[in-house]
Amino acid sequence: MASDESHIVFINTIHSNSSDVVTRSYINITFSCRYPINYMVQQPNGESRISVDIRTITLTTEDGNFSVSMMLYKDEEFQDMWTTVPSLKLDDNIFVRVFMVPGHLIIRLEKCWATPTNDPSHPVQYTFIQDSCSHVFLDETLSIIMNGMSAEAMFRIQMFKFVGLAYNNVFLHCSVQICHNTESICKPNCTNHRRAARDRRDLPASHTVTYGPIKLMVSDNVETDSARGKLISLEAMIIVCVLTVVLIIIGVFGKLILHSRRSYPAMHPQLTLANIHHSEVAS
């Protein structure tokens with residue numbers, strides 16, 4: 001066997017001898033077979049394409065939810081978190097942080113409002129963030145610190161109370177939009193509020209997160225005034241009840257007197273001839 005860069009050669013010889021002792025005819029045939037080293041393999045019938053077995057698997061798509069939470073803090077550094085029911089005065093500030101898990105997306109507050117109960121649809125509402133921007137008349141009572149920039153949103157709002165003696169608690173609600181675009185697209189443009197609201201009106205529905213209750217800490221003066229008001233109201237109620245009873249008694253006695261006069265008519269004096277005669281004699 002011999003080989004070169006392109007072929008392998010096999011060499012062989014055929015000998016023909018009738019006897020090992022003498023010979024009359026000698027046959028010596030040398031032959032070789034050469035085989036190329038490189039080959040091209042293809043399918044039968046000259047087809048060179050490779051058939052691939054493709055299997056399509058269809059999976060059912062189901063909805064999942066991101067974990068969004070709302071927390072309250074006592075300080076503007078958002079370090080000291082409320083672990084009990086917050087009790088605040090009207091001049092205190094509420095520091096609110098809304099965040100989501102996982103943290104590789106961007107969260108944006110679309111709307112934030114407060115109600116006196118845990119029902120977000122309560123008819124008594126106070127909306128302070130609308131279309132991701134401030135919606136309050138006095139800007140110093142609300143400050144949106146971060147919104148539409150990362151996986152968390154933060155704002156500060158001054159404590160308030162709903163009008164009415166029956167409302168002493170505050171519940172906060174925020175509708176949250178998850179944004180997967182860049183910060184420049186997700187961050188709200190509050191300098192041109194109306195235009196930004198028009199640009200975002202076709203966004204998918206957001207989800208609502210709630211925190212509460214937040215209790216109002218009543219001061220001593222307010223408690224004294226409230227107690228004084230309750231005392232005055234109690235005294236007024238007692239006076240009204242006494243006057244009502246007196247009027248009822250007077251009415252009953254008046255009706256009895258009127259009924260007795262109708263049952264017994266008055267007796268008129270009658271003069272007889274005998275009385276007249278005796279009177280004349282005596283005179």
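Only this structure's heavy atoms are used, side chains among them; waters, hydrogens and symmetry mates stay out. All residue numbers refer to positions in the sequence shown, counting from 1.
With sequence neighbours excluded, the residues satisfying ring-ring contact (aromatic ring centres under 6.0 Å, His included) with F10 are Y35. For T30, the side-chain hydrogen bond (donor to acceptor under 3.5 Å, both in side chains) criterion is met by T13, not counting sequence neighbours. V245 is linked by a side-chain contact (heavy atoms from CB on, under 4.5 Å) to I249, counting only residues two or more places apart in sequence or in another chain.
Under a 4.5 Å side-chain heavy-atom cut-off, the cluster of Ile, Leu, Val, Met, Phe, Trp and Tyr residues that includes L59 is completed by I57. Clustering of Ile, Leu, Val, Met, Phe, Trp and Tyr by side-chain heavy atoms under 4.5 Å joins M81 with M71, Y73, F78, F95, F99, I145, M146, M149, M154.
Residues S67 and M100 have side chains not in contact (no heavy-atom distance under 4.5 Å, counting atoms from C-beta outward). By the 4.5 Å heavy-atom criterion applied to side chains, I37 and S6 are not counted as neighbours. With contacts defined as side-chain heavy-atom distances shorter than 4.5 Å, the pair T210/L172 does not qualify. No side-chain heavy atom of V176 sits less than 4.5 Å from a side-chain heavy atom of H207.
For the residue pair A153 and I107, the shortest heavy atom distance occurs at N-CG2, 3.9 Å.
One hydrophobic cluster holds both M70 and F66 under the rule that ILVMFWY side chains link at heavy-atom gaps under 4.5 Å. By the rule that hydrophobic residues join a cluster once side-chain heavy atoms approach within less than 4.5 Å of another member, Y167 and V170 end up as members of one cluster. A continuous path of Ile, Leu, Val, Met, Phe, Trp and Tyr side chains, each step under 4.5 Å between heavy atoms, connects V136 with L90, placing both in one hydrophobic cluster.
Looking only at atom types and distance, the side chain of H173 has a donor-acceptor partner in the side chain of T115 under 3.5 Å away. Counted by atom type alone, T127 and H135 present zero donor-acceptor pairs between their side chains at under 3.5 Å. For the 3.5 Å distance criterion, the side chains of D119 and T117 fail to qualify, holding no donor opposite an acceptor.
Separation of the Y211 and F171 ring centroids does not fall under the 6.0 Å cut-off.
Interatomic distance, S87 OG to I214 CD1, rounded to the nearest 0.5 Å: 10.5 Å. With values rounded to the nearest 0.5 angstrom, L216 atom CG is found 9.0 Å from N169 atom CG. Residue I144 holds its CD1 atom at 5.5 Å from OG of S134, rounded to the nearest 0.5 Å. Remark: K187 NZ to I106 CD1 distance equals 11.0 Å, nearest 0.5 Å. Rounding to the nearest 0.5 Å gives a distance of 12.0 Å between CG of L72 and CZ of R97. Taken from CE in M1 to CG in N12, the straight-line distance is 13.5 Å, to the nearest 0.5 Å.
Under a cut-off of 6.0 angstrom, the local environment of CD in Q125 is crowded, with over 12 non-hydrogen atoms contributed by other residues, nucleotides or ligands.
The aromatic rings of F128 and F155 sit tilted, their planes meeting at an angle between 30° and 60°.
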Subject >> Stepwise side chain to side chain contact (heavy atoms under 4.5 Å, CB included) check, V246 with T244 >> reply: CA-CA 5 Å; V246 171; T244 302; over 6 Å; no
**OP:** Apply side chain to side chain contact (heavy atoms under 4.5 Å, CB included) to I8 and S3, showing your working.
**Re:** CA-CA 4 Å; I8 296 176; S3 65; 4.2 Å; yes
**OP:** Let me see the working for F162 and Y126 under ring-ring contact (aromatic ring centres under 6.0 Å, His included), right down to the final yes or no.
**Re:** CA-CA 9 Å; F162 288 99; Y126 170 54; 7.3 Å; no
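Not one N or O on the side chain of D131 forms a donor-acceptor pair closer than 3.5 Å with the backbone of C133. A donor-acceptor pair is defined here as one N or O able to donate and one able to accept, closer than 3.5 Å; no such pair exists between the side chain of D92 and the backbone of M159. Formation of a donor-acceptor pair under 3.5 Å by the W113 side chain with backbone atoms of P120 is found in this model.
With respect to N147, the side chain to side chain contact (heavy atoms under 4.5 Å, CB included) criterion is satisfied by exactly one of C186, C112, S132: S132.
For residues 156-165, the pairs satisfying side chain to side chain donor-acceptor pair (under 3.5 Å) are N93-R156, with sequence neighbours left out.
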